[in-house]
Amino acid sequence: MTFNFFNLRPDRVQEELGRVVGSRPVQTEDRRNLPYTDAVIHECQRFANIVPLSIPHKTSRDTTFQGYFIREGTTVIPLLTSVLYDESQWETPHTFNPSHFLDEEGKFMKRDAFMAFSAGRRVCLGESLARMELFLFFTSLLQRFRFTPPPGVTEDKLDLTPVVGFTLTPVPHELCAVCRL
Ligand code: HEM
């Protein structure tokens, strides 16, 4: 798979942040007025897909799912990647594309196939906290810094292919954070 970040457009996030928030500290409530920023964060989570295997579960009774009979006590490992990259759900599943979460008017749009935190009774318990932290950290960093590859490294040379394990971990990269203030 080719990991392609050409649509990230941090300049557009910074333009939206500057217009809506200015230089004051970002607050959680600002999220609803920052649809492009929110879409970028969701797309990062979809695309980065950091917990691809979710957590193993065991069926508590006999069940039938999509025509398959699953006996009580069977270990089931949901593969979240299959939903996050599902070609029937996403317009460009293998490309980083914030438009997956924007409607025609540029408003933020929820997607049923966004399952980075899994779903159902055992959905991630820390989802609200994680979402709040992602939003505040991401926006605060972009308010203050412009991130670029080191001198001499062009963006198309950055290999964003993660290390595959229980989680998908990014390989270390050198990055320049240039103060914007
Ligand atoms: C971006 C950050 C995070 C992601 C993508 C994430 C994702 C997940 C996923 C996929 C699961 C498995 C759900 C399942 O078994 O179907 C899970 C479970 C869980 N997560 Fe997270 N998580 C994140 C952050 C957090 C944080 C910050 C906390 C706590 C402060 C947390 C607490 C938990 C707990 C307790 C479970 C087990 C829930 C259960 O089995 O009932 N997570 N998470």
Side-chain angles (χ1 to χ4, degrees), residues 1 3-5 7-10 13 17 25-32 34-66 68-90 92-102 108-145 147 160-173 175 177:
M1 179 193 304
F3 285 82
N4 188 337
F5 259 73
N7 270 333
L8 177 53
R9 300 282 313 274
V13 174
L17 274 169
V26 184
Q27 293 167 355
T28 4
E29 304 77 55
D30 289 321
R31 182 195 287 264
R32 72 175 80 97
L34 296 166
Y36 184 76
T37 306
D38 207 6
V40 166
I41 296 172
H42 276 76
E43 181 65 351
C44 285
Q45 283 204 269
R46 181 194 74 81
F47 195 66
N49 172 35
I50 56 171
V51 197
L53 290 177
S54 190
I55 292 175
H57 294 287
K58 207 173 244 189
T59 44
S60 54
R61 54 182 158 82
D62 289 353
T63 186
T64 302
F65 179 68
Q66 294 196 347
Y68 292 94
F69 175 70
I70 308 173
R71 197 175 294 287
E72 178 186 342
T74 305
T75 300
V76 176
I77 305 177
L79 189 60
L80 298 181
T81 308
S82 65
V83 189
L84 295 173
Y85 293 161
D86 189 333
E87 295 187 355
S88 71
Q89 297 290 324
W90 305 99
T92 57
H94 303 295
T95 300
F96 184 91
N97 177 9
S99 300
H100 286 142
F101 295 93
L102 294 168
F108 181 79
M109 176 174 70
K110 282 190 180 166
R111 299 290 297 259
D112 290 341
F114 177 75
M115 286 196 187
F117 295 98
S118 191
R121 286 191 203 169
R122 304 305 295 270
V123 67
C124 172
L125 217 58
E127 175 173 354
S128 301
L129 176 67
R131 280 166 46 78
M132 184 179 70
E133 288 180 341
L134 280 172
F135 176 70
L136 292 178
F137 289 4
F138 182 73
T139 50
S140 302
L141 284 169
L142 281 187
Q143 253 186 333
R144 289 168 180 75
F145 299 101
F147 293 95
L160 298 166
T161 312
V163 179
V164 181
F166 174 68
T167 55
L168 291 184
T169 315
V171 291
H173 284 290
L175 200 64

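Counting starts at 1 for both ligands and their atoms, following the listed order.
- Under the 4.0 angstrom criterion for non-hydrogen atoms, Arg121 is not in contact with ligand 1.
- The protein heavy atom nearest to atom 19 (C) of ligand 1 is Cys124 CA, 3.7 Å.
- Taking 4.5 Å as the limit, some side-chain heavy atom of Trp90 sits within range of a side-chain heavy atom of Arg111.
- The shortest N/O to N/O separation between Gln45 and ligand 1 does not fall below 3.5 Å.
- Taking every heavy atom of Leu125 and a limit of under 4.0 angstrom, the matching atoms of ligand 1 come to 19 (C), 20 (N), 33 (C), 34 (C), 35 (C), 36 (C).
- Under a 4.0 Å heavy-atom criterion, His57 is in contact with ligand 1.
- Residue-ligand proximity, Leu80 to ligand 1, at heavy-atom distances under 4.0 Å covers atoms 10 (C).
- Closest non-hydrogen pair, Tyr85 versus Pro93, comes out as O-CB, 3.4 Å.
- Nearest heavy-atom pair across Leu53 and Ile77 is O-CG2, 3.4 Å.
- Residue Arg122 has at least one nitrogen or oxygen atom sitting less than 3.5 Å from a nitrogen or oxygen atom of ligand 1, judged on distance alone.
- In this structure the side chain of Asn97 never reaches within 4.5 angstrom of the side chain of Phe47, judged on heavy atoms.
- The ring-ring contact (aromatic ring centres under 6.0 Å, His included) test with His42 is passed by exactly one of Phe101, Phe96, Phe117, Tyr36: Phe101.
- Numbered from 1 in the order shown, with element, the atoms of ligand 1 that lie under 4.0 Å from a heavy atom of Leu129 read 30 (C).
- Counting protein heavy atoms only, atom 26 (C) of ligand 1 is closest to Gly126 CA, 3.8 Å.
- Of the protein's heavy atoms, Ser118 OG, 2.6 Å lies nearest to atom 16 (O) of ligand 1.
- Of all heavy-atom pairs spanning Arg71 and Thr59, the tightest one is O-OG1, 2.8 Å.
- Closest approach of Leu136 to Gln27, counting heavy atoms only: CD2-C, 4.0 Å.
- For atom 37 (C) of ligand 1, the closest non-hydrogen atom on the protein side is Ile55 CD1, 4.4 Å.
- The two residues His94 and Glu87 have their closest heavy-atom pair at NE2-OE2, 3.5 Å.
- Below 4.0 Å from some heavy atom of Ala116 lie the following atoms of ligand 1, by number and element: 5 (C), 7 (C), 10 (C).
- Ile55 is not listed as a side-chain neighbour of Arg122, based on a closest heavy-atom distance of 4.5 Å or more.
- Heavy-atom minimum distance, Pro98 versus Ala39: O-CB, 3.5 Å.
- At least one heavy atom of Ser54 sits under 4.0 Å from some atom of ligand 1.
- With ligand atoms numbered from 1 in the order given, ligand 1 contributes 2 (C), 24 (C) to contacts under 4.0 Å with heavy atoms of Ala130.
- Among protein heavy atoms, atom 4 (C) of ligand 1 sits closest to Phe117 CE2, 3.5 Å.
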